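Since we're looking at a predicted model, the values are computed, not measured.
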Amino acid sequence: MSQTLLITGGAGFIGSHTCLVLLEAGYRLVVLDNFANSSVEALRRVAELAGLGPDDPRLQVVAGDVRSAEDLDRAFRQAPTPIEAVVHFAGLKAVGESVAEPLIYWDVNVVGSQRLLAAMRAHGCRTVVFSSSATLYGLPEQVPIPETAPVQPINPYGHTKAAVEQLLRDVATSEPGWRVACLRYFNPVGAHPSGRIGEDPNGIPNNLFPFLTQVAVGRRNQLQVFGDDWPTPDGTGVRDYIHVMDLAEGHQAALETLLGAEPQQLTLNLGSGTGHSVLDVIEAFAQACGRPIPYSVVARRPGDAARTVADPSLATTRLGWRTRRSLTEICRDGWAWQSANPSGYTR
Ligand code: WQD
C-alpha cells in the first residue's frame with residue numbers, strides 16, 4: 001500500500017513541483033492550502049502531469065489554513081490512510097513584505113508551524129520535512145556557506161525561519177520518535193520542463209528570476225539591476241540558483257531518508273554550490289528566450305549581500321542528492337512556463 005503524506009502549501013511554486021515528484025514516486029497526497037499565494041489550477045495541472053484523473057484519490061485537496069486547528073484536523077481525518085509524514089511548505093516568503101508586516105509573518109510562519117506540529121502529534125505523526133531558507137544566514141561571513149555558519153537573519157522572514165527550526169529542535173528533543181529535516185533553500189528558480197507549472201508570484205515580483213521572465217514576455221518593461229558596484233567579478237550580485245525540479249527531488253530524498261531511518265534531525269543546505277551573477281542570469285535567459293532583456297542599473301537594494309552560495313556537500317553525503325540541472329536548463333524551462341502562461345495561472 002502506498003504511503004500517504006500531508007503537503008501544506010502544496011499548490012505553491014515549490015510545493016506543486018514537489019507534489020508532482022511525490023505522486024510520480026507513488027505516494028498518496030493530501031494537500032492543505034489556503035490559496036492566498038497560489039492557485040488550485042496548479043494542482044489540477046499537477047494531477048494532469050502525473051496522469052491522474054480529475055477525482056483520483058491519490059491527490060486530495062483540502063482548502064484550509066495551517067493556522068487553523070480545525071482545518072488541520074480535517075486534513076488528517078480526510079487522509080485515505082494514516083498520514084506517515086508531512087512536507088511543510090505553507091508560509092509567507094517575501095523579504096520586503098516581512099519588514100512591513102512582521103505580525104502577519106510571525107503568525108503564518110511560526111504560529112502556523114506550531115499548530116501543524118500540535119496536530120501532527122495529536123494524530124501520531126512525527127516525521128516532517130520543513131521548507132527553511134538560506135535567508136537565515138543573513139550576511140554570510142564565509143562563502144560557500146556550510147550548515148555550521150552562524151544563523152543570523154537580518155529580516156523578519158529570516159527570523160521566522162530560524163524560529164521554526166528552533167521549534168522543531170525543541171519538539172524533537174521533548175519526546176522520542178520525531179524525524180525532522182530542515183531544508184535551507186538557496187534561490188529556487190525555473191519550472192517543470194513541460195511548461196505547465198511554474199512560478200506565479202502575486203503582484204510585482206520581488207525576486208530576479210520571475211521579474212526577468214515577465215520582462216521577456218512583455219508584462220514588465222525593464223529589469224532593474226540592484227547595483228553593479230558589488231565586490232564580484234562583474235559587479236552584480238552573485239547567488240546560488242537551484243532548479244525547482246532539483247529542489248523537489250531533494251525533498252523526496254530527504255523524506256525517504258527520514259522514513260527509512262531511526263528518529264533524527266537533519267539540517268541541510270539545498271543549493272548547487274555554484275554562483276551566478278545577475279548579468280550571468282540575464283545573458284543566459286536572453287539566450288533561452290531569443291530576445292534581448294532591457295535593463296537599467298540602479299542603486300543597491302537594502303539588505304542584499306554581494307554573494308550567497310551554498311556548500312551543499314552535507315546534503316550529498318546524507319541524502320545522496322545533488323543538483324543536476326544547469327543555468328541553461330533553468331532558463332529554458334523558466335521560459336517554457338512563462339511563454340506558455342504569460343499571465344501565470346490567471347487566478
Ligand atoms: C537575487 C539577485 C538581487 C531582483 C530571496 C530571499 C530568499 C529566497 C530567494 C525564499 C540579488 C538581484 C533581484 C531585481 C535584481 N526566498 N535582483 N533585480 O534576495 O537572493 O533571495 O529570494 O526563501 O529568502 O531572500 O533573491 O531573486 O530577490 O535576488 O538585480 O528586480 O538579483 O540584488 O543580487 P535573494 P532575489
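With rounding to the nearest 0.5 angstrom, the CG atom of L268 is 10.0 Å from the OG atom of S313. For the atom pair OG of S133 and CG of L270, the computed distance is 11.0 Å after rounding to the nearest 0.5 Å. Going from atom CD1 of I7 over to atom SG of C19 covers 5.0 Å, rounded to the nearest 0.5 Å. Residue L136 holds its CG atom at 9.5 Å from OG1 of T267, rounded to the nearest 0.5 Å.
In the hydrophobic clustering (ILVMFWY side chains linked at under 4.5 Å, chained through shared members), I154 is joined by L139.
The ring-ring contact (aromatic ring centres under 6.0 Å, His included) search around H243 returns none, not counting sequence neighbours. Applying the ring-ring contact (aromatic ring centres under 6.0 Å, His included) test to Y241 and every residue at least two apart in sequence or in another chain returns nothing. Under the ring-ring contact (aromatic ring centres under 6.0 Å, His included) criterion, Y105 pairs with no residue at all, not counting sequence neighbours. Annotation: side chain to side chain donor-acceptor pair (under 3.5 Å) contacts of D170 (sequence neighbours excluded): Q166. Residues meeting the ring-ring contact (aromatic ring centres under 6.0 Å, His included) test with F13, sequence neighbours left out: H17.
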Residue pair N341, R45: steps toward the side-chain contact (heavy atoms from CB on, under 4.5 Å) verdict: CA-CA 13 Å; N341 304 273; R45 296 189 188 186; 2.8 Å; yes
side-chain contact (heavy atoms from CB on, under 4.5 Å) evaluation trace for D333 with W337: CA-CA 6 Å; D333 297 342; W337 152 254; over 6 Å; no
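For the residue pair T127 / R179, a side-chain donor-acceptor distance below 3.5 Å is found, with atom types taken as modelled.
Sorted by first and then second residue, the pairs that involve residues 319-329 and meet salt bridge (Lys or Arg N to Asp or Glu O under 4.0 Å), not counting sequence neighbours, are D246-R325, E249-R324, E249-R325. Pairs passing the salt bridge (Lys or Arg N to Asp or Glu O under 4.0 Å) check and including a residue from residues 89-108, sequence neighbours excluded, read R67-D107. Pairs passing the side chain to side chain donor-acceptor pair (under 3.5 Å) check and including a residue from residues 186-199, sequence neighbours excluded, read E48-R196, H192-S194. For residues 222-231, the pairs satisfying salt bridge (Lys or Arg N to Asp or Glu O under 4.0 Å) are D229-R300, with sequence neighbours left out. For residues 124-137, every residue pair satisfying the salt bridge (Lys or Arg N to Asp or Glu O under 4.0 Å) rule, not counting sequence neighbours, is listed here: R126-E175.
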Review item, side-chain donor-acceptor pairs of residues 288-298, under 3.5 Å, at least two apart:
from	atom 1	to	atom 2	distance (Å)
R291	NH1	A216	O	2.9
S296	OG	Q222	OE1	3.1

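The number of heavy atoms from other shown groups lying within 6.0 Å of CZ (R219) is above 12. Other residues, nucleotides and ligands place more than 12 heavy atoms under 6.0 Å from the CZ atom of R74.
F130 and L22 sit in two unconnected hydrophobic clusters of ILVMFWY residues. Membership requires side-chain heavy atoms under 4.5 Å apart, directly or through other members. Residues V180 and V164 are members of one and the same hydrophobic cluster, defined by side-chain heavy-atom contacts under 4.5 angstrom among Ile, Leu, Val, Met, Phe, Trp and Tyr. With hydrophobic clusters built from ILVMFWY side chains whose heavy atoms lie under 4.5 angstrom apart, V217 shares a cluster with I282.
Note: F285 and W335 have perpendicular aromatic rings, judged against thresholds of 30 and 60 degrees for the angle between ring planes.
The minimum heavy-atom distance between P140 and R307, with the atom names listed, is CG-O, 3.6 Å. Residues G91 and N109 share a closest heavy-atom pair of CA-OD1, 3.2 Å.
Salt bridge K161/E165: absent, no basic N to carboxylate O contact under 4.0 Å.
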